[in-house]
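Structure, as structure tokens:
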Amino acid sequence: MECRVLSIQSHVVRGYVGNKSATFPLQVLGFEVDSINSVQFSNHTAICSQNSLWGFILSLLMVTGGLGKGEAGSRNTDTPFSPCGGPTGPWRPQQTMVGVEDELGGFCRLRGIKVILYLSAYVTGYAHWKGQVLTAEELQVLYEGIKLNQVNRYDYILTGYSRDNSFLEMVVDIILELKKTNPSLVYVCDPVMGDHGVMYVPENLLPVYQEKIVPLSDILTPNQFEAELLTGRKIKTEEDAFEVMELLHKMGPGTVVLTSTDLPSKQGDKFLVALGSQKTVKPDGSKTSQKICMDIPKVDAVFVGTGDLFAAMLLAWTHHHPTDLKAACEKTVSVMHHVIKRTINYANDVAGPGKKPSPAQLELRMVQSKADIENPAIAVAVRVL
Ligand code: ADP
Ligand code: PLP
Ligand code: ZN
């Protein structure tokens, strides 16, 4: 039977984030994908730390300033800013990243202290980006057209990065309508807010996620920091992580996957830990749950669009394994592994010996990974806990 997904995410002309990261792999797996582009940019806007000096350098650059909480903190607040990869050193910013001062520098606040970041020598991102942002009204108009033609019946809705409060509120309205049209619609939500202690969307999005989006979602894919934000609970141990996921279940979603954590892997420091929890109701009404742990081989580079690909693949594989999170995640992380391996091999080849690949060279090798997406050889074992 035909399975139709409405995907509301970013579009980039060059590269793979948002809808560019989700549409092709879902289509390859047989899904019909209707995409609404929340932004249309020339390329991704992420600033990616390329080495572990990050934290050290940032700590040297900390300066105290007089920014009070709630004060507008940016001269350029409509510039999206996503410090993907994030600090890996001893220093972790705790407060909202409110904007950038120019394309390779900026500031954020650490407990009210202004922190200046001038990173051009140490981080890479595309030097430029250009483009347009879809407004809440424009989103409504597009949905209106779909509705007027009575083609607003979807099996899935998938959402990712959104940096505007009224846009997110409009997404809520659309989901509510779509769930009325099809009560068995599944909402897959990547609550993109930040990473490694840094929020890179406005703070006023958090209550919308907490009060409206998460309660509507069926499958939620936060990273550790996003799960902590949503629940107000810190994760220091695996036990904490499962308690946080339990709180998230109580807020709505039956399936929660922490796509990446800082927790140590039993397989050593070359692995990153992702965790999942699923609650299902069997046909006889009895409840079951499954908790899983994934030890993912780390690749020493920062990739962009991987969170978006992860959410799309989890949608696809939970469609085939709705009550077996282990099976769905095994396929999802195996796809991730194959795509990332192909990407880093290619990027290193084109960068040349001893050179760090550029962001353009590190764009995901999506088209080239078609066969792995269609039929992923299991490369990452998932443990049921
Ligand atoms: P988010 O953007 O939501 O924080 P990430 O992009 O960090 O999510 O991670 C999503 C998935 O991408 C991870 O679960 C992992 O499978 C894969 N991934 C991302 N970066 C790496 C990396 N450097 N090495 C190995 N896997 C990675
Ligand atoms: N959308 C845009 C426009 C971006 O620039 C980014 C990352 O910078 C993303 C989405 C999300 O990327 P990821 O999947 O790596 O979180
Ligand atoms: Zn993410």
Side-chain angles (χ1 to χ4, degrees), residues 7-22 37-50 79-86 88 97 100 125-126 129-134 158-163 189-201 220-229 257-262 265 270-276 293-314 329-344 347 359 362-364 366 376 379-380 382:
S7 178
I8 306 179
Q9 301 198 61
S10 318
H11 171 79
V12 281
V13 177
R14 174 59 175 254
Y16 295 92
V17 298
N19 274 334
K20 281 286 290 286
S21 230
N37 298 330
S38 53
V39 303
Q40 168 165 253
F41 288 154
S42 52
N43 47 267
H44 75 66
T45 59
I47 294 181
C48 315
S49 164
Q50 290 287 329
T79 307
F81 182 74
S82 165
C84 73
T88 52
M97 183 76 78
V100 287
Y126 281 101
W129 67 85
K130 301 280 180 196
Q132 301 84 38
V133 176
L134 192 75
L158 173 63
T159 66
Y161 179 76
S162 168
R163 68 179 311 280
C189 170
D190 186 1
V192 182
M193 286 183 284
D195 210 350
H196 294 97
V198 182
M199 226 175 140
Y200 45 71
V201 300
L220 192 73
T221 60
N223 58 34
Q224 174 174 338
F225 175 59
E226 289 157 348
E228 290 175 340
L229 278 177
V257 177
L258 301 189
T259 55
S260 57
T261 70
D262 289 339
S265 164
K270 292 199 163 50
F271 289 80
L272 77 85
V273 172
L275 299 165
C293 177
M294 297 156 263
D295 295 278
I296 301 169
K298 267 190 220 167
V299 173
D300 184 23
V302 175
F303 303 95
V304 184
T306 43
D308 306 325
L309 178 61
F310 190 104
M313 290 301 87
L314 190 64
C329 281
E330 220 151 44
K331 288 189 173 144
T332 298
V333 290
S334 295
V335 170
M336 300 305 303
H337 179 79
H338 296 305
V339 172
I340 282 172
K341 273 274 176 212
R342 182 169 288 105
T343 303
I344 194 66
L362 279 167
E363 288 288 359
L364 297 179
M366 200 70 86
V380 180
V382 175

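Start at 1 and go down the list; that is how both ligands and their atoms are numbered. For reference, positions follow the sequence shown, starting with 1.
Under 4.0 angstrom from ligand 2, the non-hydrogen atoms of Val17 all belong to its side chain.
Per-residue contacts place Ser10 under 4.0 angstrom from the following atoms of ligand 2 (heavy atoms of the residue considered): 1 (N), 2 (C), 3 (C), 10 (C). Shown in contact with His44 at under 4.0 Å from a heavy atom are these atoms of ligand 2, numbered in order with element: 5 (O). Of all atoms in ligand 2, listed by their number and element, those nearer than 4.0 Å to a heavy atom of Val304 are 7 (C), 8 (O), 12 (O), 15 (O).
A 4.5 Å side-chain heavy-atom check between His196 and Asp262 finds at least one atom pair inside the cut-off.
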What donor-acceptor contacts under 3.5 angstrom involve side-chain atoms of residues 14-21, with partners at least two apart or in another chain?
unit_1: Asn19; atom_1: OD1; unit_2: Ser7; atom_2: OG; d: 2.6
unit_1: Asn19; atom_1: ND2; unit_2: Gln9; atom_2: O; d: 3.2
unit_1: Asn19; atom_1: ND2; unit_2: Ile36; atom_2: O; d: 3.0
unit_1: Asn19; atom_1: ND2; unit_2: Asn37; atom_2: OD1; d: 3.0
unit_1: Lys20; atom_1: NZ; unit_2: Val12; atom_2: O; d: 3.1
unit_1: Lys20; atom_1: NZ; unit_2: Val13; atom_2: O; d: 3.1
unit_1: Lys20; atom_1: NZ; unit_2: Gly15; atom_2: O; d: 3.1
unit_1: Ser21; atom_1: OG; unit_2: Gly305; atom_2: O; d: 2.9

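In this structure, ligand 1 sits under 4.0 Å from heavy atoms belonging to Asp195, Asn223, Thr259, Ser260, Ile296, Pro297, Lys298, Val299, Ala301, Phe303, Thr306, Gly307, Phe310, Met336, Ile340.
Between Thr45 and ligand 2, a contact under 3.5 Å exists for at least one N or O pair. For ligand 2, the polar-atom distance check against Tyr161 finds no nitrogen or oxygen pair separated by under 3.5 Å. Between Gly18 and ligand 2, a contact under 3.5 Å exists for no N or O pair. In terms of polar-atom proximity, defined here as any N/O pair under 3.5 Å, Val39 makes no such contact with ligand 2.
Between Thr332 and Phe310 the shortest heavy-atom distance is CG2-O, 3.7 Å. Scanning all heavy atoms of the two residues, the minimum distance from Ala227 to Pro222 falls at N-CB, 3.7 Å.
Asn223 contributes a side-chain N or O that, together with a main-chain N or O of Gly194, makes up a donor-acceptor pair within less than 3.5 Å. Between the side chain of Thr343 and the backbone N or O of Leu362, no donor-acceptor pair lies under 3.5 Å. When atom types are taken as modelled, the side chain of Ser42 and the backbone of Lys130 share a donor-acceptor pair closer than 3.5 angstrom. When atom types are taken as modelled, the side chain of Glu226 and the backbone of Met193 share a donor-acceptor pair closer than 3.5 angstrom.
Using bins of under 30°, 30° to 60° and over 60° for the plane-to-plane angle, the ring pair Tyr161/Tyr200 lands in the tilted bin.
To the nearest 0.5 Å, atoms CD (Gln132) and CZ (Phe41) are separated by 8.5 Å.
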